[in-house]
Amino acid sequence: MKGLTSIRTLGRTDLEALIDDAGEVRRSLDGDVPIERSLDGMCVANLFFEPSTRTRLSFDLAAQRLGAHVVTFFPETSSATKGESLQDTALTVSAIGADILVVRHTEEGAPQAVAEWTGKPVVNAGDGAGEHPTQALLDALTLQRHFGRLEGLRMAIVGDITHSRVAGSLVYAMPTLGLEVTLVGPDRWLPAEAPVATSTDLDAVLGEVDVVYLLRVQRERGGVIDDGYVARFGFNGTRASRLRDHAVVMHPGPMNRGVEISDHVAESPRSLVAEQVSNGVPTRIAVLRSLAVSR
Ligand code: NCD
C-alpha cells in the first residue's frame with residue numbers, strides 16, 4: 001500500500017489480507033512472540049490536530065513494536081499556535097525525516113492533502129466527518145475473531161451517522177466484507193443517499209441483527225442531543241434484552257455513558273468494546289508494515 005487515506009482504496013481481498021495479518025499479529029502479541037522489526041530505524045510521525053486516546057496511543061505503540069522512532073506533534077504546543085499552516089507543518093515534519101505520517105484533523109480530506117504535499121505514505125487517523133479506516137479494520141478483526149466469520153453477519157450502526165467518520169469507513173468496509181448493514185438514527189442523521197438500508201426505528205431492527213454498533217453523538221461537528229434522543233436510540237438493558245442471545249454490542253469509544261450506551265450495556269458480557277481496543281495495536285501494526293513493504 002502507498003498509504004491509507006480512505007478505506008475505499010481497498011477491495012475485499014486487500015481488506016481480508018490486512019485483517020488476516022492483524023489477526024496473526026494479535027496472536028503473536030498475546031503469546032509474547034516478538035514481532036519482526038519491519039520499520040527498524042524508520043520514523044513515524046503522529047500529527048494529531050484533534051484529541052485522541054486510543055487511536056494515538058495505539059499508532060504510537062504499533063510503530064514502536066515495529067522498531068520505528070516515533071515523533072508526536074501536539075498542535076497546542078507547536079507553531080500551529082503561531083499560525084503555521086497544515087501544509088507548512090506537514091512539509092516541516094517530512095523534512096525532519098518522517099518516513100510515514102499518521103494524520104488526524106478536523107478537516108475532511110486533510111490526510112490526502114498531506115500525502116500530496118509530502119509524497120510520503122499517510123495513514124488517516126480520522127478526518128473531520130470523513131473517514132477512519134483503521135477503526136473499520138480493527139472492528140472487522142474484532143468481529144472475525146468473535147464470530148469466526150464476517151460473511152452474512154447483520155449489523156445495525158446506530159446514532160449520529162452523518163457526522164461520524166467511523167460510520168464513513170464502516171459503511172464501505174462492512175458490506176465489502178459481506179456484512180449486511182442497516183444505518184439507524186433520527187432522520188436528520190441519516191444520509192440522504194445511503195448505500196445501505198436505513199431505519200429510524202431502533203426497536204424494529206434489534207431482533208434481527210448480530211451486531212449493534214453504537215456511535216457517539218459528535219457535538220463538536222454539530223450533533224445535538226435533543227430531548228427524545230436517549231429514549232429513542234439510547235442502548236440500555238431493556239433494549240439489550242431484546243437482542244438475539246448471541247448478538248454483540250460495539251462502540252469505537254469514547255463512550256458517552258447514559259447517552260448512546262448505558263453503563264449496564266457497556267459492562268455487559270455482550271460488549272466487545274475492550275476487544276476493539278485490544279485489536280487497535282495489531283491492526284495498526286498490519287497497516288504500518290504493509291506501507292513499509294511497498295516503499
Ligand atoms: C472515534 C473518532 O475519533 O473518530 N474515536 C476513535 O478513534 N476510536 C469516534 C468518536 O470520537 O466518536
Side-chain angles (χ1 to χ4, degrees), residues 7 10 12-33 54-55 58 61-62 132-159 164 166-167 169-184 196-197 202 205-216 235-237 239-255 257 260-287:
I7 197 83
L10 304 176
R12 182 169 186 160
T13 320
D14 310 312
L15 292 172
E16 287 173 348
L18 280 170
I19 295 161
D20 284 353
D21 190 37
E24 242 172 72
V25 174
R26 171 74 197 259
R27 284 190 291 279
S28 299
L29 294 178
D30 286 351
D32 278 333
V33 178
R54 66 222 95 218
T55 304
S58 62
L61 192 52
H132 196 347
T134 57
Q135 180 70 43
L137 288 169
L138 73 86
D139 291 333
L141 172 61
T142 303
L143 288 171
Q144 173 67 45
R145 283 172 54 87
H146 184 83
F147 288 104
R149 71 188 166 99
L150 294 172
E151 183 70 45
L153 291 178
R154 288 190 281 181
M155 174 187 248
I157 304 177
V158 185
S164 168
V166 174
S169 285
L170 287 177
V171 86
Y172 168 82
M174 294 302 169
T176 304
L177 289 161
L179 285 87
E180 210 179 289
V181 171
T182 305
L183 304 177
V184 184
V196 294
L202 176 58
V205 304
L206 284 184
E208 294 165 12
V209 295
D210 306 294
V211 187
V212 178
Y213 194 108
L214 302 166
L215 297 169
R216 181 177 65 86
F235 205 81
N236 52 26
R239 291 205 159 104
S241 70
R242 294 194 208 122
L243 291 172
R244 295 195 285 173
D245 288 347
H246 68 270
V248 296
V249 177
M250 300 174 78
H251 192 303
M255 292 186 279
R257 290 169 181 249
E260 71 272 6
I261 189 167
S262 70
D263 276 332
H264 172 83
V265 174
E267 278 145 36
S268 74
R270 288 189 189 277
S271 165
L272 295 186
V273 174
E275 266 302 295
Q276 289 173 270
V277 177
S278 297
N279 287 325
V281 172
T283 300
R284 284 153 185 142
I285 286 178
V287 168

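All of these numbers come straight from a predicted model, not from anything done at the bench.
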Between [atom1] on residue [X] and [atom2] on residue [Y], distance to nearest 0.5 Å:
X: Leu141; Y: Thr134; atom1: CG; atom2: OG1; answer: 12.0 Å
X: Thr13; Y: Leu18; atom1: OG1; atom2: CG; answer: 11.0 Å
X: Met255; Y: Arg216; atom1: CE; atom2: CZ; answer: 12.5 Å
X: Arg12; Y: Thr176; atom1: CZ; atom2: OG1; answer: 8.5 Å
X: Asp20; Y: Leu15; atom1: CG; atom2: CG; answer: 11.0 Å
X: Ile19; Y: Arg26; atom1: CD1; atom2: CZ; answer: 15.0 Å

Please check if the side chain of [X] supplies one atom and the backbone of [Y] the other of a donor-acceptor pair under 3.5 Å.
X: Ser58; Y: Thr55; value: yes
X: Arg242; Y: Gly207; value: no
X: Ser278; Y: Ala274; value: yes
X: Arg239; Y: Leu206; value: no
X: Tyr213; Y: Ala167; value: no

Worked check of side chain to side chain contact (heavy atoms under 4.5 Å, CB included) between Leu179 and Leu143: CA-CA 10 Å; Leu179 285 87; Leu143 288 171; 4.0 Å; yes
Which atoms form the tightest heavy-atom contact between [X] and [Y], and what is the distance?
X: Ala240; Y: Val265; value: CB-CG2, 4.1 Å
X: Gln135; Y: Gln276; value: NE2-NE2, 4.0 Å
X: Asn279; Y: Leu138; value: O-CB, 3.8 Å
X: Phe235; Y: Val249; value: CE2-CG2, 3.9 Å
X: Leu29; Y: Ile285; value: CD1-CD1, 4.4 Å
X: Ser271; Y: Ala266; value: OG-O, 3.2 Å

Would you say that [X] contacts [Y] through its side chain, given a criterion of any heavy-atom pair below 4.5 Å between the two side chains?
X: Pro282; Y: Arg27; value: no
X: Leu137; Y: Val287; value: yes
X: Glu267; Y: Arg257; value: yes
X: Arg154; Y: Arg244; value: yes
X: Met174; Y: Asp139; value: yes

Test side chain to side chain contact (heavy atoms under 4.5 Å, CB included) applied to Leu170 and Val181, step by step: CA-CA 9 Å; Leu170 287 177; Val181 171; over 6 Å; no
Pair Glu260-His251, side-chain donor/acceptor within less than 3.5 Å: yes
Modelled atom types, side-chain donor and acceptor of Asn236 and His264, under 3.5 Å: no
Residues Leu150, Glu16; criterion side chain to side chain contact (heavy atoms under 4.5 Å, CB included); working and verdict: CA-CA 10 Å; Leu150 294 172; Glu16 287 173 348; 6.0 Å; no
